[in-house]
2 protein chains.
Amino acid sequence: MLTRKSKYGLKALLLLAREYDRGSIPASELSEREGIPEKFLQLILLELRRRGIVRSRRGQGGGYQLARDPATINFGEVLRALDGPLALTPCVSQTAYQHCDECADEQQCGIRLVMKDVRDETARILEGASLASVNRAVDRGARRRR
Amino acid sequence: MLTRKSKYGLKALLLLAREYDRGSIPASELSEREGIPEKFLQLILLELRRRGIVRSRRGQGGGYQLARDPATINFGEVLRALDGPLALTPCVSQTAYQHCDECADEQQCGIRLVMKDVRDETARILEGASLASVNRAVDRGARRRR
DNA sequence: TAATTGTCTAGTAAGTGAATTGACAAAGTC
DNA sequence: GACTTTGTCAATTCACTTACTAGACAATTA
(Lines give C-alpha, C1' and ligand atoms only; values in the text may rest on other atoms or scores of the structure.)
Protein backbone atom coordinates (compact mmCIF):
# COMPACT_ATOMS: atom_id res chain seq x y z
CA MET A 1 0.00 0.00 0.00
CA LEU A 2 0.98 3.57 -0.66
CA THR A 3 1.57 5.17 2.74
CA ARG A 4 0.17 8.54 3.67
CA LYS A 5 3.75 9.73 3.84
CA SER A 6 4.30 9.08 0.15
CA LYS A 7 0.90 10.42 -0.80
CA TYR A 8 1.58 13.65 1.09
CA GLY A 9 5.04 13.86 -0.40
CA LEU A 10 3.75 13.45 -3.96
CA LYS A 11 0.99 15.99 -3.41
CA ALA A 12 3.42 18.58 -2.11
CA LEU A 13 5.84 17.90 -4.96
CA LEU A 14 3.14 18.14 -7.63
CA LEU A 15 2.20 21.52 -6.22
CA LEU A 16 5.82 22.65 -6.10
CA ALA A 17 6.09 21.57 -9.73
CA ARG A 18 3.03 23.58 -10.72
CA GLU A 19 4.50 26.69 -9.14
CA TYR A 20 8.08 25.94 -10.03
CA ASP A 21 8.94 29.47 -11.15
CA ARG A 22 7.44 31.10 -8.09
CA GLY A 23 10.51 30.48 -5.94
CA SER A 24 10.33 29.14 -2.39
CA ILE A 25 7.02 28.12 -0.87
CA PRO A 26 6.87 27.74 2.93
CA ALA A 27 5.85 24.39 4.41
CA SER A 28 2.96 26.10 6.15
CA GLU A 29 1.42 27.04 2.81
CA LEU A 30 1.91 23.58 1.29
CA SER A 31 0.45 22.09 4.44
CA GLU A 32 -2.62 24.26 4.33
CA ARG A 33 -3.34 24.04 0.62
CA GLU A 34 -3.01 20.27 0.52
CA GLY A 35 -4.45 19.51 3.94
CA ILE A 36 -1.31 17.86 5.30
CA PRO A 37 -0.38 18.05 9.04
CA GLU A 38 2.41 20.60 9.08
CA LYS A 39 4.89 18.87 11.34
CA PHE A 40 4.54 15.63 9.43
CA LEU A 41 5.06 17.44 6.15
CA GLN A 42 8.24 19.01 7.45
CA LEU A 43 9.55 15.55 8.21
CA ILE A 44 8.73 14.43 4.70
CA LEU A 45 10.29 17.49 3.07
CA LEU A 46 13.41 16.93 5.10
CA GLU A 47 13.80 13.45 3.66
CA LEU A 48 13.20 14.76 0.18
CA ARG A 49 15.86 17.39 0.73
CA ARG A 50 18.39 14.80 1.87
CA ARG A 51 17.67 12.91 -1.34
CA GLY A 52 18.27 15.98 -3.45
CA ILE A 53 14.71 16.22 -4.68
CA VAL A 54 13.89 19.48 -2.95
CA ARG A 55 15.86 22.55 -1.91
CA SER A 56 15.16 24.71 1.15
CA ARG A 57 15.78 28.25 2.34
CA ARG A 58 15.34 29.41 5.94
CA GLY A 59 14.19 32.71 7.34
CA GLN A 60 11.61 35.16 6.17
CA GLY A 61 10.62 34.54 2.58
CA GLY A 62 12.13 31.06 2.80
CA GLY A 63 10.51 27.73 2.11
CA TYR A 64 10.93 24.82 -0.28
CA GLN A 65 11.34 24.47 -4.00
CA LEU A 66 12.19 21.62 -6.35
CA ALA A 67 15.91 21.02 -6.61
CA ARG A 68 15.59 20.08 -10.29
CA ASP A 69 13.33 20.54 -13.27
CA PRO A 70 9.87 18.91 -12.76
CA ALA A 71 10.43 16.79 -15.86
CA THR A 72 13.40 15.05 -14.23
CA ILE A 73 11.70 14.04 -10.97
CA ASN A 74 9.56 10.92 -11.22
CA PHE A 75 7.21 8.99 -8.95
CA GLY A 76 9.60 6.06 -8.71
CA GLU A 77 12.35 8.19 -7.24
CA VAL A 78 9.98 9.81 -4.75
CA LEU A 79 8.41 6.54 -3.60
CA ARG A 80 11.83 4.98 -3.16
CA ALA A 81 12.87 7.94 -1.02
CA LEU A 82 9.80 7.87 1.20
CA ASP A 83 8.49 4.28 1.21
CA GLY A 84 11.60 2.31 0.31
CA PRO A 85 12.09 -0.17 -2.54
CA LEU A 86 9.38 -0.63 -5.17
CA ALA A 87 9.75 -4.41 -5.36
CA LEU A 88 7.23 -6.59 -3.54
CA THR A 89 10.01 -8.84 -2.35
CA PRO A 90 13.69 -8.10 -1.62
CA CYS A 91 14.90 -10.87 -3.93
CA VAL A 92 13.77 -8.88 -7.00
CA SER A 93 14.70 -5.41 -5.82
CA GLN A 94 17.20 -3.39 -7.87
CA THR A 95 17.95 -0.95 -5.08
CA ALA A 96 17.81 -3.22 -2.03
CA TYR A 97 18.46 -6.76 -3.20
CA GLN A 98 18.52 -9.42 -0.51
CA HIS A 99 18.66 -13.15 -0.87
CA CYS A 100 15.67 -14.96 0.67
CA ASP A 101 17.05 -17.27 3.31
CA GLU A 102 14.19 -19.73 3.00
CA CYS A 103 14.71 -20.05 -0.74
CA ALA A 104 17.17 -22.84 -1.55
CA ASP A 105 17.53 -21.92 -5.23
CA GLU A 106 16.34 -18.52 -6.39
CA GLN A 107 16.47 -19.69 -10.01
CA GLN A 108 13.81 -22.24 -9.19
CA CYS A 109 11.42 -19.99 -7.34
CA GLY A 110 8.13 -19.47 -9.13
CA ILE A 111 7.11 -16.69 -6.82
CA ARG A 112 10.25 -14.76 -7.62
CA LEU A 113 9.61 -15.25 -11.33
CA VAL A 114 6.24 -13.56 -11.07
CA MET A 115 7.34 -10.85 -8.65
CA LYS A 116 10.16 -9.91 -11.02
CA ASP A 117 7.63 -9.23 -13.77
CA VAL A 118 5.51 -7.14 -11.42
CA ARG A 119 8.49 -5.13 -10.26
CA ASP A 120 9.72 -4.43 -13.77
CA GLU A 121 6.34 -3.18 -14.95
CA THR A 122 5.77 -1.14 -11.79
CA ALA A 123 9.16 0.51 -12.12
CA ARG A 124 8.56 1.24 -15.78
CA ILE A 125 5.31 3.05 -15.03
CA LEU A 126 6.49 4.91 -11.94
CA GLU A 127 9.75 6.02 -13.51
CA GLY A 128 7.85 7.21 -16.57
CA ALA A 129 5.62 9.38 -14.40
CA SER A 130 7.44 12.69 -13.92
CA LEU A 131 5.94 15.55 -11.93
CA ALA A 132 5.70 17.52 -15.15
CA SER A 133 4.03 14.78 -17.20
CA VAL A 134 1.54 13.93 -14.48
CA ASN A 135 0.48 17.55 -14.07
CA ARG A 136 0.11 17.81 -17.84
CA ALA A 137 -2.03 14.65 -17.90
CA VAL A 138 -4.28 16.02 -15.17
CA ASP A 139 -4.74 19.27 -17.08
CA ARG A 140 -5.50 17.41 -20.30
CA GLY A 141 -8.13 15.38 -18.47
CA ALA A 142 -9.73 18.49 -17.00
CA ARG A 143 -9.92 20.17 -20.42
CA ARG A 144 -11.47 17.12 -22.00
CA ARG A 145 -14.15 16.96 -19.33
CA ARG A 146 -15.25 20.56 -19.86
CA MET B 1 5.48 -5.75 0.28
CA LEU B 2 4.50 -9.35 -0.12
CA THR B 3 3.81 -10.63 3.38
CA ARG B 4 5.17 -13.91 4.65
CA LYS B 5 1.61 -15.08 4.84
CA SER B 6 1.12 -14.76 1.10
CA LYS B 7 4.52 -16.18 0.36
CA TYR B 8 3.79 -19.22 2.51
CA GLY B 9 0.36 -19.56 0.96
CA LEU B 10 1.71 -19.48 -2.57
CA LYS B 11 4.46 -21.96 -1.75
CA ALA B 12 1.96 -24.41 -0.28
CA LEU B 13 -0.39 -23.98 -3.23
CA LEU B 14 2.37 -24.46 -5.79
CA LEU B 15 3.26 -27.72 -4.05
CA LEU B 16 -0.38 -28.82 -3.91
CA ALA B 17 -0.56 -28.06 -7.62
CA ARG B 18 2.49 -30.18 -8.37
CA GLU B 19 0.96 -33.13 -6.54
CA TYR B 20 -2.60 -32.41 -7.57
CA ASP B 21 -3.44 -36.04 -8.38
CA ARG B 22 -2.04 -37.40 -5.14
CA GLY B 23 -5.17 -36.57 -3.12
CA SER B 24 -5.03 -34.92 0.29
CA ILE B 25 -1.74 -33.78 1.80
CA PRO B 26 -1.66 -33.06 5.55
CA ALA B 27 -0.66 -29.59 6.72
CA SER B 28 2.18 -31.15 8.66
CA GLU B 29 3.77 -32.43 5.45
CA LEU B 30 3.36 -29.12 3.60
CA SER B 31 4.78 -27.36 6.62
CA GLU B 32 7.83 -29.56 6.78
CA ARG B 33 8.62 -29.67 3.08
CA GLU B 34 8.32 -25.90 2.63
CA GLY B 35 9.70 -24.85 5.99
CA ILE B 36 6.54 -23.09 7.14
CA PRO B 37 5.54 -22.89 10.86
CA GLU B 38 2.74 -25.44 11.07
CA LYS B 39 0.21 -23.49 13.08
CA PHE B 40 0.65 -20.44 10.92
CA LEU B 41 0.18 -22.54 7.82
CA GLN B 42 -3.06 -23.97 9.18
CA LEU B 43 -4.36 -20.43 9.59
CA ILE B 44 -3.45 -19.65 6.01
CA LEU B 45 -5.00 -22.84 4.66
CA LEU B 46 -8.17 -22.06 6.57
CA GLU B 47 -8.50 -18.73 4.80
CA LEU B 48 -7.83 -20.36 1.47
CA ARG B 49 -10.54 -22.89 2.20
CA ARG B 50 -13.07 -20.19 3.03
CA ARG B 51 -12.26 -18.61 -0.31
CA GLY B 52 -12.85 -21.89 -2.12
CA ILE B 53 -9.26 -22.24 -3.26
CA VAL B 54 -8.49 -25.33 -1.23
CA ARG B 55 -10.51 -28.30 0.07
CA SER B 56 -9.89 -30.13 3.34
CA ARG B 57 -10.60 -33.54 4.85
CA ARG B 58 -10.29 -34.32 8.55
CA GLY B 59 -9.23 -37.44 10.31
CA GLN B 60 -6.63 -40.02 9.42
CA GLY B 61 -5.56 -39.78 5.81
CA GLY B 62 -7.02 -36.29 5.69
CA GLY B 63 -5.33 -33.05 4.69
CA TYR B 64 -5.64 -30.41 2.01
CA GLN B 65 -5.96 -30.39 -1.75
CA LEU B 66 -6.74 -27.78 -4.37
CA ALA B 67 -10.47 -27.20 -4.78
CA ARG B 68 -10.05 -26.61 -8.52
CA ASP B 69 -7.71 -27.33 -11.39
CA PRO B 70 -4.27 -25.67 -10.95
CA ALA B 71 -4.75 -23.83 -14.24
CA THR B 72 -7.75 -21.95 -12.83
CA ILE B 73 -6.10 -20.65 -9.66
CA ASN B 74 -3.94 -17.58 -10.13
CA PHE B 75 -1.62 -15.46 -8.00
CA GLY B 76 -4.00 -12.51 -8.07
CA GLU B 77 -6.79 -14.50 -6.46
CA VAL B 78 -4.47 -15.89 -3.80
CA LEU B 79 -2.90 -12.55 -2.91
CA ARG B 80 -6.32 -10.95 -2.68
CA ALA B 81 -7.41 -13.70 -0.30
CA LEU B 82 -4.37 -13.45 1.95
CA ASP B 83 -3.06 -9.88 1.68
CA GLY B 84 -6.14 -7.99 0.58
CA PRO B 85 -6.59 -5.79 -2.49
CA LEU B 86 -3.81 -5.55 -5.09
CA ALA B 87 -4.19 -1.80 -5.59
CA LEU B 88 -1.69 0.50 -3.90
CA THR B 89 -4.50 2.85 -2.96
CA PRO B 90 -8.20 2.17 -2.24
CA CYS B 91 -9.38 4.72 -4.81
CA VAL B 92 -8.19 2.50 -7.67
CA SER B 93 -9.12 -0.88 -6.20
CA GLN B 94 -11.56 -3.07 -8.13
CA THR B 95 -12.39 -5.27 -5.17
CA ALA B 96 -12.32 -2.73 -2.32
CA TYR B 97 -12.94 0.69 -3.80
CA GLN B 98 -13.05 3.56 -1.33
CA HIS B 99 -13.18 7.25 -2.02
CA CYS B 100 -10.23 9.20 -0.56
CA ASP B 101 -11.67 11.75 1.82
CA GLU B 102 -8.80 14.16 1.35
CA CYS B 103 -9.26 14.14 -2.41
CA ALA B 104 -11.71 16.83 -3.52
CA ASP B 105 -12.01 15.61 -7.10
CA GLU B 106 -10.78 12.13 -7.95
CA GLN B 107 -10.83 12.95 -11.65
CA GLN B 108 -8.21 15.60 -11.00
CA CYS B 109 -5.84 13.52 -8.92
CA GLY B 110 -2.53 12.86 -10.60
CA ILE B 111 -1.54 10.29 -8.03
CA ARG B 112 -4.67 8.30 -8.73
CA LEU B 113 -3.96 8.45 -12.44
CA VAL B 114 -0.59 6.80 -11.99
CA MET B 115 -1.72 4.30 -9.36
CA LYS B 116 -4.48 3.17 -11.69
CA ASP B 117 -1.91 2.27 -14.33
CA VAL B 118 0.16 0.39 -11.78
CA ARG B 119 -2.85 -1.52 -10.50
CA ASP B 120 -4.01 -2.51 -13.97
CA GLU B 121 -0.60 -3.85 -14.96
CA THR B 122 -0.09 -5.62 -11.65
CA ALA B 123 -3.49 -7.29 -11.90
CA ARG B 124 -2.81 -8.33 -15.49
CA ILE B 125 0.42 -10.05 -14.52
CA LEU B 126 -0.83 -11.66 -11.31
CA GLU B 127 -4.06 -12.89 -12.84
CA GLY B 128 -2.13 -14.35 -15.74
CA ALA B 129 0.07 -16.33 -13.37
CA SER B 130 -1.77 -19.58 -12.62
CA LEU B 131 -0.34 -22.26 -10.36
CA ALA B 132 -0.03 -24.52 -13.40
CA SER B 133 1.68 -21.97 -15.64
CA VAL B 134 4.12 -20.88 -12.95
CA ASN B 135 5.14 -24.47 -12.19
CA ARG B 136 5.60 -25.05 -15.93
CA ALA B 137 7.75 -21.93 -16.21
CA VAL B 138 9.95 -23.08 -13.35
CA ASP B 139 10.43 -26.49 -14.95
CA ARG B 140 11.26 -24.92 -18.31
CA GLY B 141 13.85 -22.72 -16.61
CA ALA B 142 15.42 -25.70 -14.83
CA ARG B 143 15.66 -27.71 -18.07
CA ARG B 144 17.25 -24.81 -19.90
CA ARG B 145 19.87 -24.42 -17.20
CA ARG B 146 20.95 -28.06 -17.38
C1' DT C 1 16.67 42.22 17.29
C1' DA C 2 12.36 40.29 16.46
C1' DA C 3 9.83 37.57 13.52
C1' DT C 4 9.80 33.96 10.38
C1' DT C 5 10.99 29.65 8.72
C1' DG C 6 13.63 25.32 8.44
C1' DT C 7 16.31 21.28 11.28
C1' DC C 8 16.42 17.70 14.26
C1' DT C 9 15.68 14.50 18.19
C1' DA C 10 12.28 12.22 20.91
C1' DG C 11 8.28 10.31 21.96
C1' DT C 12 3.66 8.05 21.52
C1' DA C 13 -0.76 5.83 20.29
C1' DA C 14 -2.75 2.77 17.26
C1' DG C 15 -2.38 -0.69 14.04
C1' DT C 16 -0.22 -4.66 11.50
C1' DG C 17 2.60 -8.85 10.83
C1' DA C 18 4.04 -13.10 12.27
C1' DA C 19 3.44 -16.05 14.82
C1' DT C 20 2.06 -19.43 19.30
C1' DT C 21 -1.22 -21.70 22.58
C1' DG C 22 -4.66 -24.46 23.61
C1' DA C 23 -9.37 -26.04 23.55
C1' DC C 24 -12.39 -28.34 20.49
C1' DA C 25 -14.55 -31.06 16.48
C1' DA C 26 -14.64 -34.48 13.09
C1' DA C 27 -13.22 -38.65 10.79
C1' DG C 28 -10.95 -42.75 10.08
C1' DT C 29 -8.41 -47.13 12.22
C1' DC C 30 -8.02 -50.91 15.23
C1' DG D 1 -16.25 -47.68 20.66
C1' DA D 2 -11.74 -46.10 22.14
C1' DC D 3 -7.88 -44.00 20.06
C1' DT D 4 -5.41 -41.31 17.15
C1' DT D 5 -4.90 -38.27 13.51
C1' DT D 6 -6.05 -34.22 11.51
C1' DG D 7 -8.61 -29.88 10.79
C1' DT D 8 -11.17 -25.53 13.14
C1' DC D 9 -11.09 -21.58 15.66
C1' DA D 10 -10.54 -17.95 19.24
C1' DA D 11 -7.30 -15.67 21.95
C1' DT D 12 -2.90 -13.89 23.03
C1' DT D 13 1.87 -12.34 22.41
C1' DC D 14 5.57 -9.49 20.76
C1' DA D 15 8.07 -6.77 17.75
C1' DC D 16 7.73 -3.44 14.32
C1' DT D 17 5.68 0.25 11.48
C1' DT D 18 2.67 4.15 10.57
C1' DA D 19 1.23 8.56 11.41
C1' DC D 20 1.69 11.68 13.97
C1' DT D 21 3.05 15.59 17.93
C1' DA D 22 6.21 18.39 21.03
C1' DG D 23 9.67 21.17 21.66
C1' DA D 24 14.31 22.88 21.51
C1' DC D 25 17.36 24.83 18.29
C1' DA D 26 19.47 27.20 14.06
C1' DA D 27 19.53 30.29 10.38
C1' DT D 28 17.92 34.23 7.79
C1' DT D 29 15.97 38.57 6.70
C1' DA D 30 13.10 42.89 7.44
Side-chain angles (χ1 to χ4, degrees), chain A residues 1-12 16 22-32 34-67 79 81-85 88-90 100-102, chain B residues 1-12 16 23-32 34-67 79 81-85 88-90 96 100-102:
Chain A
M1 273 284 269
L2 193 71
T3 59
R4 247 160 229 269
K5 194 176 184 180
S6 283
K7 211 193 232 172
Y8 290 159
L10 288 172
K11 279 189 163 194
L16 286 176
R22 217 191 94 190
S24 302
I25 300 180
S28 56
E29 182 184 336
L30 294 171
S31 151
E32 195 166 345
E34 296 292 350
I36 305 171
E38 188 170 343
K39 276 297 192 177
F40 194 27
L41 180 60
Q42 289 187 341
L43 226 70
I44 294 166
L45 289 167
L46 198 61
E47 285 192 50
L48 293 174
R49 192 188 68 107
R50 291 208 185 101
R51 290 285 192 137
I53 294 173
V54 121
R55 224 193 336 245
S56 66
R57 273 221 317 266
R58 301 192 196 202
Q60 192 137 266
Y64 295 90
Q65 60 181 311
L66 297 184
L79 292 188
L82 297 176
D83 271 358
L88 290 176
T89 154
C100 322
D101 35 353
E102 79 256 29
Chain B
M1 273 284 267
L2 193 71
T3 60
R4 245 159 232 268
K5 194 175 184 181
S6 283
K7 210 192 230 172
Y8 289 161
L10 287 172
K11 279 190 164 194
L16 286 176
S24 302
I25 302 180
S28 56
E29 183 183 336
L30 294 172
S31 149
E32 194 166 348
E34 297 291 350
I36 305 172
E38 188 169 344
K39 278 295 192 177
F40 195 26
L41 179 60
Q42 287 185 343
L43 224 69
I44 293 166
L45 289 167
L46 199 60
E47 286 193 47
L48 293 175
R49 194 188 67 105
R50 291 207 186 101
R51 290 284 192 138
I53 293 173
V54 121
R55 230 195 330 248
S56 66
R57 273 221 317 265
R58 301 192 196 204
Q60 190 136 271
Y64 295 88
Q65 61 181 309
L66 297 184
L79 292 189
L82 297 177
D83 271 359
L88 289 178
T89 156
C100 322
D101 34 354
E102 79 257 28

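By convention in this document, chain letters (A, B, ...) are assigned in the order of the sequence lines, proteins followed by strands, and residues within each chain are numbered from 1.
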- Query: Rounding to a whole Å, what distance do you find between A:Arg57:CZ and D:dT28:P?
  - Reply: 10 Å
- To the nearest angstrom, the CZ-P distance between A:Phe40 and D:dT18 comes to 9 Å
- Expected list for residues 58-67 of chain A near DNA chain D, using heavy atoms below 4.0 Å, is A:Arg58, A:Gly59, A:Gln60
- Message: For the CG atom of A:Asp83 and the OG1 atom of A:Thr3, what is their distance to the nearest 0.5 Å?
- Response: 3.0 Å
- A:Tyr8 side chain near D:dA19 phosphate (N/O to OP1/OP2, under 4.0 Å): no
- Query: Can you check whether B:Leu82 reaches B:Leu10 side chain to side chain, under 4.5 Å on heavy atoms?
  - Reply: no
- Query: When the distance from CD of B:Glu38 to P of C:dT21 is rounded to whole Å, what number comes out?
  - Reply: 12 Å
- Note on the structure: Hits for side chain to side chain donor-acceptor pair (under 3.5 Å) against A:Glu47, two or more places apart or cross-chain, chain-then-number order -> A:Lys5
- What is the distance, rounded to the nearest whole Å, between atom CG of A:Leu82 and atom C1' of D:dA19? 13 Å
- Query: Expressed in angstrom and rounded to an integer, what is the separation of A:Met1 atom CE from D:dA19 atom C1'?
  - Reply: 14 Å
- Item | A:Leu45 side, atom CG; A:Ile25 side, atom CD1 - distance, nearest 0.5 Å | 11.0 Å
- Message: Looking at B:Glu38, I'd like to know if its CD atom is crowded, meaning that more than 12 non-hydrogen atoms belonging to other residues, nucleotides or ligands lie closer than 6.0 Å.
- Response: yes
- Message: I'd like to know if B:Lys39 reaches the base of C:dG22 with its side chain, counting only an N/O donor and acceptor under 3.5 Å.
- Response: yes
- Query: Could you give the CG-to-C1' distance, from A:Leu2 to D:dT17, as a whole number of Å?
  - Reply: 15 Å
- Query: C:dT20 P sits how many Å from B:Leu41 CG, rounded?
  - Reply: 12 Å
- Counting distance only, does the side-chain N/O of A:Ser31 pair as donor-acceptor with the main-chain N or O of A:Ile36 below 3.5 Å? yes
- Message: Can a donor-acceptor pair be found, under 3.5 Å and without considering hydrogens, that links the side chain of A:Ser56 to the backbone of A:Gly63?
- Response: no
- Query: So do the side chains of A:Met1 and B:Pro85 get within less than 4.5 Å of each other, counting heavy atoms only?
  - Reply: no
- Closest nucleotide among C:dG6, C:dA19, D:dT18 to the A:Thr3 side chain: D:dT18
- Quick one: A:Gln42 CD to C:dT4 P, roughly how many Å, whole number? 15 Å
- Query: Is there a side-chain contact (heavy atoms from CB on, under 4.5 Å) between A:Gln65 and A:Arg22 once you walk through the steps?
  - Reply: CA-CA 9 Å; A:Gln65 60 181 311; A:Arg22 217 191 94 190; over 6 Å; no
- Message: Below 4.0 angstrom, which residues in residues 43-56 of chain B have at least one non-hydrogen atom near DNA chain C?
- Response: none
